**Q** 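Below you'll find the structure I mean.
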2 protein chains.
Amino acid sequence: MVSSRSFVVSKQPSLPYPCKRPLIIKTSTQFLVTARFLVNFQELRHRMKVSFKIDKYPAEIKGYRRFNLLGSQEKDLEYTQCDGLAVEFKHLTLKEQRAGGGGKGSKGVNEGSRSVQEELHIITLMTQFSYDGVELNIEATTLPFVVISNQSQFVRAWASILWFNLLSTDPKDVAFFSKPPAAKWILVADVLSWQFSCCTGRGLNADQLQMLGKKLCGTDILSFFNSIYNDAGIFHIVLFLLKLSKVYFALKKLGVFFLFQGSVPNQDSTVTWSKFAKESMPRVSFTFWEWFDAILTLVKAHLENIWKDGYVMGFVSRSAEDALLRTRQQGTFLLRFSESMRDGGITISWVDHESDGSFVRSVEPFTKKELSNIPLYEIIRNYQLLAEENIPENPLKFLYPNIPKDDAFGKYYEHNSEVNSEYQKYMKRRLIMVSERNNDETQSSIASGTPQYISDTLSNDNDIFSPVHGEYCHDAADLGNFINRK
Amino acid sequence: MVSSRSFVVSKQPSLPYPCKRPLIIKTSTQFLVTARFLVNFQELRHRMKVSFKIDKYPAEIKGYRRFNLLGSQEKDLEYTQCDGLAVEFKHLTLKEQRAGGGGKGSKGVNEGSRSVQEELHIITLMTQFSYDGVELNIEATTLPFVVISNQSQFVRAWASILWFNLLSTDPKDVAFFSKPPAAKWILVADVLSWQFSCCTGRGLNADQLQMLGKKLCGTDILSFFNSIYNDAGIFHIVLFLLKLSKVYFALKKLGVFFLFQGSVPNQDSTVTWSKFAKESMPRVSFTFWEWFDAILTLVKAHLENIWKDGYVMGFVSRSAEDALLRTRQQGTFLLRFSESMRDGGITISWVDHESDGSFVRSVEPFTKKELSNIPLYEIIRNYQLLAEENIPENPLKFLYPNIPKDDAFGKYYEHNSEVNSEYQKYMKRRLIMVSERNNDETQSSIASGTPQYISDTLSNDNDIFSPVHGEYCHDAADLGNFINRK
DNA sequence: ACAGTTTCCCGTAAATGC
DNA sequence: TGCATTTACGGGAAACTG
């Protein structure tokens, strides 16, 4: 009846970070772990002392960083109304044990060591049960977590936590990332949408997911070789030489590696860990997850209201966007996330029917830098195309498919009637975003017509699909719930 | 020949902070001290060990925080070509010794303890000279420094360091701020100008200094009482009761305390420490020094080029500005620092001659927030007054007195020809600053005519002076040089 | 309630070592 | 040389304490 399963971790180690992302710990930063003893003998109160340890694998295992877990070493199990017998370790911190000479910089890169984000650690809480002649040493272990030393590693660490909890069959398997399994696309799609719904209250619809799926499910020649490399040693040398050779780079430059990529995902499609969070995407220097999470962060910080309203199409390819807008009336626009910016960007694209043809134009994407000064709806409201000696014109009239922009965004507009008494003596001023109408022929020609889509088509858009504003809105759930669904 | 004066601190303790502001140390942050032994017997190399201590006043003295000075405890004097025999302590840090229970928060506020910024500390370096039968214990002490725990205290700490080095007659007098002396206005003016010249390369001219002097040299009733309070105990109770009474606040509200303030400083004017950096200025909640330093920082960060050119009049009162602009041609403008913003602000004021009179208008001041997005010269270049269905107009034509704005600022204008290849596919965009021409009658009427100057006139401008763009450009000098000039 | 002070910690930049 | 990682610390905000 009283078994080792009676003692469990009830709050996984967690930084006090927004948006519920447990199981990532930063060195020298306080975190918290709680455990509960599920057998509730009132008599045990203050009788059971709990201590803790971290990792403690044998000395011969190399390639892991070792940490000291600092904090008040022992605490009593305490009884509370809502939790029963429980213990809470606050103000715990982790400090790396560094080998002799090591100052800052790289961890001891031994054979087989993996990157920080793929290193999993476990804390064990220990106590003794002693009652009615029965003596028992019992332990509770946390789920594996990732230890980072800088906030900049947080994003990649969260990818690991997601992947582990999505796919691991053994909750104590700290070697999970020595051979991380691939995931079915539908599972990954679920996670991606869930990330949006739990951060912003609105998930991703089928069209948005399809666009993402194309980025993740393609097979390029490089991945093909890599998968062979993992399975059979015979291609090892071949690939190695190929990689070193100029041929490899020449092929890469030509885009040959991406020919296979970009097919619409189906029921059987899978996503590799590498494609999800390890390797850079074609022609950019960041991973899918880094890009995706940057957008999630941008939406959360600056676009939450209009995202919730469903006014941000966001995940649309350029060519799909072009197809959508061309048939629409003058001044129809939509909002699309940049695919080439690491830190998250969003652009406005609109259709302009002129005597010499229809053009889809996009403004240079806005990032958190711009959006922290003007909300996107104010940019849209006041955007102007300037031309010499003409009244400036706002080209943005209807949000796709045909919603007058003030109907969509009017409720958020700032009223400058709120005259701050401190500054009454001054004229109110505000920032607006403008572009020159025809300042540079190069730009216009690139932004119009079709030539610029050639490369996109080659890599991303072998078919044209027709997005519909469907609803695919996940219930918000924390990681615990998400894990339990499995 | 070898005396205790042979061993001196050659680099005062200093954070690696920009703009040369030594003698401020932040707890838990590394700093550096070096000392030199001026007697150069080659034979002493590696023979003299240097150690250090901090403060070490007797236990009965209360009201000071106590610190531990951490770092490698002993170092040899080393010989180098350029410094001779010297020792350098790097990676020193300070940690407060906190009395038992103290977590964060206030220091032990004992009787007579002063604020952190007025607490001075000293580090002593100690060594033994032993040569040819002579034995001598010798010490070198740093100048008194201020210990802060957060960067936000830096500004106030620097005021202390300036005041001490301006006025102290004893370089080891850590009790200096128990009765800080007043300074002659001309000395203070010198410091203020020097602060600008050493940070930006251009000091303050006579008109700018006069405007500042009026803020510092006035005597209001409150200061009058305070000075009596310091000298004779007899007014203690009277003032205390007065301060508590509603009468005090009623008087304060009515501005009675400020009636005496704002006279033009002369040769005999003095500035008290309190007026300089302790008490808030009339009708705002920050001190003169906080205000002044915020502007200095703003200039350094965002206005350095146009400041160096002498295009920022800056320190002008509203009424002086009005007098200057009214007689000028339509569209004449000048740049003036806000007197009411704690964090530093700069406004543009221009004259507008209309059929119903001449108006001087000012735009809501720009702060580092705005200026880090658009440089001021770009705001000036593209500023627009919007009016329905009209071509927007830029009211800024001539920098006072009559320099066409493009002549003044043209060399800094950004050329948007630099088309970033990454974003060729997008339309370039930029921010511009706009105001509504007649959006709110209240604002316009307040910004025009004379009524709004009544309160200013009462407090700040009993006379009208006529600024001239003189040159008052200090040589840049670091604190060491400045101290030595005394 | 408040103000002075310290602690906490993100995010950027620099340092470090492979 | 570049990359992965850690350290350093400014600046905003929270926590703490009389």
Side-chain angles (χ1 to χ4, degrees), chain A residues 15-19 21 24-32 63 65 67 90-91 93-111 113-119 146-157 278 280 285-287 294 297 301 343 368-369 372, chain B residues 15-19 21 24-32 63 65 67 90-91 93-111 113-119 146-157 278 280 285-287 294 297 301 343 368-369 372:
Chain A
L15 297 172
Y17 191 76
C19 216
R21 294 187 169 188
I24 304 173
I25 301 302
K26 194 169 114 182
T27 52
S28 307
T29 300
Q30 298 182 359
F31 65 97
L32 184 147
R65 295 166 300 170
F67 294 94
K90 290 180 189 173
H91 307 300
T93 56
L94 244 35
K95 202 101 197 169
E96 188 173 354
Q97 293 169 10
R98 313 215 73 193
K104 327 182 174 184
S106 67
K107 61 183 197 142
V109 183
N110 298 307
E111 299 298 315
S113 78
R114 33 201 108 73
S115 68
V116 160
Q117 67 178 316
E118 293 180 314
E119 213 185 274
V146 176
V147 181
I148 60 178
S149 62
N150 189 293
Q151 196 66 13
S152 61
Q153 299 167 315
F154 195 95
V155 168
R156 274 174 285 154
K278 292 281 285 181
S280 292
S285 60
F286 46 86
T287 66
T297 304
D343 298 319
K368 64 180 173 193
K369 185 181 189 318
S372 57
Chain B
L15 297 172
Y17 191 75
C19 216
R21 294 187 168 186
I24 304 174
I25 302 303
K26 193 168 117 183
T27 51
S28 307
T29 301
Q30 298 181 356
F31 65 97
L32 183 149
R65 296 166 300 171
F67 294 94
K90 291 180 189 174
H91 307 301
T93 57
L94 244 34
K95 203 101 195 168
E96 189 174 355
Q97 294 168 8
R98 313 213 72 193
K104 332 182 171 184
S106 67
K107 61 182 200 143
V109 183
N110 297 309
E111 299 297 315
S113 80
R114 21 202 119 72
S115 68
V116 159
Q117 68 178 314
E118 294 179 312
E119 213 186 273
V146 176
V147 181
I148 60 178
S149 62
N150 189 292
Q151 195 68 12
S152 63
Q153 299 166 317
F154 194 95
V155 167
R156 275 174 284 153
K278 291 282 284 180
S280 292
S285 61
F286 46 86
T287 66
T297 304
D343 297 319
K368 65 180 171 193
K369 186 180 186 321
S372 57

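Chain identifiers are assigned alphabetically (A, B, ...) following the order of the sequence lines, protein sequences preceding nucleic acid strands; residue numbering begins at 1 within each chain. Quantities reported herein were computed from a predicted structural model and do not represent experimental measurements.
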**Q** Looking at B:Lys26, does any N or O in its side chain come under 4.0 Å of the phosphate oxygens OP1/OP2 on C:dT6?
**A** no
**Q** What's the verdict on side-chain contact (heavy atoms from CB on, under 4.5 Å) for B:Lys26 and B:Gln151, showing C-alpha distance, side-chain angles and the deciding distance?
**A** CA-CA 8 Å; B:Lys26 193 168 117 183; B:Gln151 195 68 12; 4.1 Å; yes
**Q** Ignoring backbone atoms, test whether B:Arg65 places a side-chain nitrogen or oxygen under 4.0 Å from the OP1 or OP2 oxygen of C:dT6.
**A** yes
**Q** Testing B:Leu94, B:Thr29, B:Ile25, B:Ile24 for side chain to side chain contact (heavy atoms under 4.5 Å, CB included) with B:Ile148, which one passes?
**A** B:Ile24
**Q** In whole Å, what is the span from the CZ atom of A:Phe31 to the P atom of C:dC10?
**A** 14 Å
**Q** Above 12 or not: heavy atoms from other molecules or residues under 6.0 Å from NZ of A:Lys369?
**A** yes
**Q** Whole Å only: how far is the CD atom of A:Glu96 from the C1' atom of D:dT5?
**A** 9 Å
**Q** To the nearest Å, give me how far apart CZ (B:Arg98) and P (C:dT7) are.
**A** 5 Å
**Q** Using only modelled atom types and a 3.5 angstrom limit, is any donor from either the side chain of A:Asn150 or the base of D:dT5 paired with an acceptor on the other?
**A** no
**Q** More 5' along DNA chain C: A:Ser152 or A:Thr29, using each one's nearest nucleotide?
**A** A:Thr29
**Q** Answer with base, sugar-phosphate or nothing: what part of the nucleic acid does A:Ser149 contact at a heavy-atom distance below 4.0 Å?
**A** base
**Q** Within the 4.0 Å heavy-atom criterion, would you say B:Gln30 contacts the bases, only the backbone, or no part of the nucleic acid?
**A** sugar-phosphate
**Q** Distance check needed: D:dA15 P versus A:His91 NE2, whole Å only.
**A** 11 Å
**Q** Let's see if you can work this out: which of C:dC8, C:dC10, D:dT5 has an atom nearest to the side-chain heavy atoms of A:Arg156?
**A** D:dT5
**Q** Tell me: NZ of B:Lys90 to P of C:dA15, nearest whole Å?
**A** 12 Å
**Q** Nearest to the side chain of A:Lys368, which nucleotide is it out of C:dT12, C:dT5, C:dC10?
**A** C:dT12
**Q** Of the options D:dT6, D:dG11, C:dG11, whose atoms approach the side-chain atoms of B:Gln151 most closely?
**A** D:dG11
**Q** Examine the side chains of B:Thr287 and B:Lys278 and answer whether a donor and an acceptor come within less than 3.5 Å of each other.
**A** no
**Q** With a 4.5 Å cut-off on side-chain heavy atoms, are B:Arg65 and B:Val116 touching?
**A** yes
**Q** Roughly how many Å is it from CD in A:Gln97 to C1' in D:dT6, rounded to a whole number?
**A** 16 Å
**Q** Rounded to whole angstroms, how far apart are CD1 on B:Ile24 and P on D:dC9?
**A** 15 Å
**Q** Which whole-number value in Å describes the distance from B:Phe286 CZ to C:dG4 C1'?
**A** 19 Å
